[in-house]
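What follows is a set of notes on a single structure, which appears directly below.
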Amino acid sequence: QMQSTAPAIERLGVPAYNWWNEALHGVAQGRATVFPPAIGLAATWDTALMGRVATAIARETRSRGIRQVLSPVANLATDVRWGRTEETYGEDPYLTARMGVAFVRGLQGDDPVYRKLDATAKHLAVHSGPEADRHHFDAKPSKRDLYDTYLPAFEALVKEGDVDAVMGAYNRVYGE
């Protein structure tokens, strides 16, 4: 029951449960709408469009019984060779924050009690490659770069977007 696809427990009346999907640009399960990747949508600078896309993704995702998604990616694309560049909103901290907040609000909805989905901002923090070294890489940006570049989008997603969860990065930051 600790995996993303939990089987039913018939003797207890517990139905099968699939709680996980990234849903970065659509629910990747069965026949579903596939939207442009995050970096393509970010190129529009259209937060209202981003909100509508996220609302559609939430509807399709929830219809499959999925309750939590591992998105959006609030990391910055600081090196285009990074394998996750297309999952980001680009290299601009302001744009990343604005598009990320719109995406979270679209995924989670605006009901004060019942969320459509629980969104997860990832990957805190300073995670933008090199992917091959992610399990032992120690990021050491200047303090100014950390607070002015890498963290503002995460702060906005928590404070403005009320994102349900924040996923930690694999890498270390200043040895931690």
| task | Of all the heavy-atom pairs spanning Val126 and Ala139, show the shortest one and how long it is. | result | CG1-CB, 3.5 Å
| request: Could you tell me which non-hydrogen atom of Ala153 sits nearest to which non-hydrogen atom of Pro93, and how far apart they are? | output: CB-O, 4.4 Å
| said: Are Val69 and Leu107 packed together at the side-chain level, in the sense that at least one heavy-atom pair is separated by less than 4.5 angstrom? | reply: yes
| request: Return the set of residues passing salt bridge (Lys or Arg N to Asp or Glu O under 4.0 Å) with Lys159 (not counting sequence neighbours), or none when no residue passes. | output: Glu155
| Cluster link Phe154 to Val73, ILVMFWY, side chain under 4.5 Å | no
| query | Can you list the residues that meet the side chain to side chain donor-acceptor pair (under 3.5 Å) rule with Asp162, with sequence neighbours excluded? | reply | Arg115
| salt bridge (charged side-chain N to carboxylate O under 4.0 Å, His left out) partners of residues 20-34, not counting sequence neighbours, each pair once | Glu22-Lys122
| Below 4.5 Å, heavy atoms only, C-beta onward: do Leu124 and Met167 meet side chain to side chain? | no
| Student check: side-chain heavy atoms of Pro72 and Tyr89 closer than 4.5 Å | yes
| request: Grab the two heavy atoms, one from Ala97 and one from Ala156, that are nearest each other, plus how far apart they are. | output: CB-CB, 3.8 Å
| task | Please report the C-alpha distance between Glu91 and Thr78 in whole Å, then the side-chain angles of each, then the deciding distance to 0.1 Å, and finally whether the side-chain hydrogen bond (donor to acceptor under 3.5 Å, both in side chains) criterion is met. | result | CA-CA 6 Å; Glu91 64 185 353; Thr78 58; over 6 Å; no
| task | Output every pair passing salt bridge (charged side-chain N to carboxylate O under 4.0 Å, His left out) with a member in residues 99-111, not counting sequence neighbours, ordered by first then second residue. | result | none
| field | Arg11: partners by salt bridge (Lys or Arg N to Asp or Glu O under 4.0 Å), with sequence neighbours left out | value | none
| request: Look up atom CZ in Phe137 and atom CG in Asn171, then write down how far apart they are to the nearest 0.5 Å. | output: 6.5 Å
| remark: side chain to side chain donor-acceptor pair (under 3.5 Å) filter on Asp92, not counting sequence neighbours, yields none
| said: Is there a side-chain contact between Val158 and Val166 in this structure, where contact means two heavy atoms from C-beta onward sitting under 4.5 Å apart? | reply: yes
| said: Grouping I, L, V, M, F, W and Y whenever their side-chain heavy atoms are under 4.5 Å apart, do Ile39 and Val34 come out in a common cluster? | reply: no
| said: Once ring pair (Phe, Tyr, Trp, His ring centres under 6.0 Å) is applied, do any residues pair with His123, and if so which ones, sequence neighbours excluded? | reply: His127
| Distance from Ser63 atom OG to Lys116 atom NZ, nearest 0.5 Å? | 12.5 Å
| query | If you measure from CG on Leu76 to CH2 on Trp82, what distance do you get to the nearest 0.5 Å? | reply | 8.5 Å
| Hey, does Val27 have a side-chain heavy atom less than 4.5 Å from the side chain of Ile66? | yes
| Minimum-distance pair of heavy atoms, taken over all atoms of Gly13 and Pro15 | O-CD, 3.5 Å
| query | With sequence neighbours excluded, what pairs up with Asp138 under the side chain to side chain donor-acceptor pair (under 3.5 Å) test? | reply | none
| Rounded to the nearest 0.5 Å, what separation is found between the CG atom of Leu24 and the CZ atom of Phe35? | 13.0 Å
| field | Side chain to side chain, Asn75 and Arg84, heavy atoms closer than 4.5 Å | value | no
| field | Pairwise distance CG(Asp164) to CD(Gln108) - rounded to 0.5 angstrom | value | 6.0 Å
| Any residue meeting side chain to side chain donor-acceptor pair (under 3.5 Å) with Asp79, in chain and number order, not counting sequence neighbours | Arg81
| query | How far apart are the closest heavy atoms of Ala121 and Val163, and which atoms are they? | reply | N-CG2, 3.7 Å
| message | Are more than 12 heavy atoms, taken from residues, nucleotides or ligands other than Arg64, located less than 6.0 Å from that residue's CZ atom? | response | yes
| Closest non-hydrogen atom pair, Gly26 against Ile57 | N-CD1, 3.5 Å
| said: Could you check whether any side-chain heavy atom of Pro141 comes within less than 4.5 Å of a side-chain heavy atom of Tyr150, counting everything from C-beta outward? | reply: yes
| note | Interatomic distance, OH@Tyr174 vs NZ@Lys140, rounded to 0.5 Å, equals 10.5 Å
| Asp148: salt bridge (Lys or Arg N to Asp or Glu O under 4.0 Å) partners, not counting sequence neighbours | Arg144
| remark: For Ile9, the other hydrophobic cluster members (4.5 Å side-chain criterion, sorted by chain and number) are Leu12, Val14
| task | Can you tell me which residue pairs pass the side chain to side chain donor-acceptor pair (under 3.5 Å) test with a partner in residues 35-62, sequence neighbours excluded? | result | Thr33-Glu60
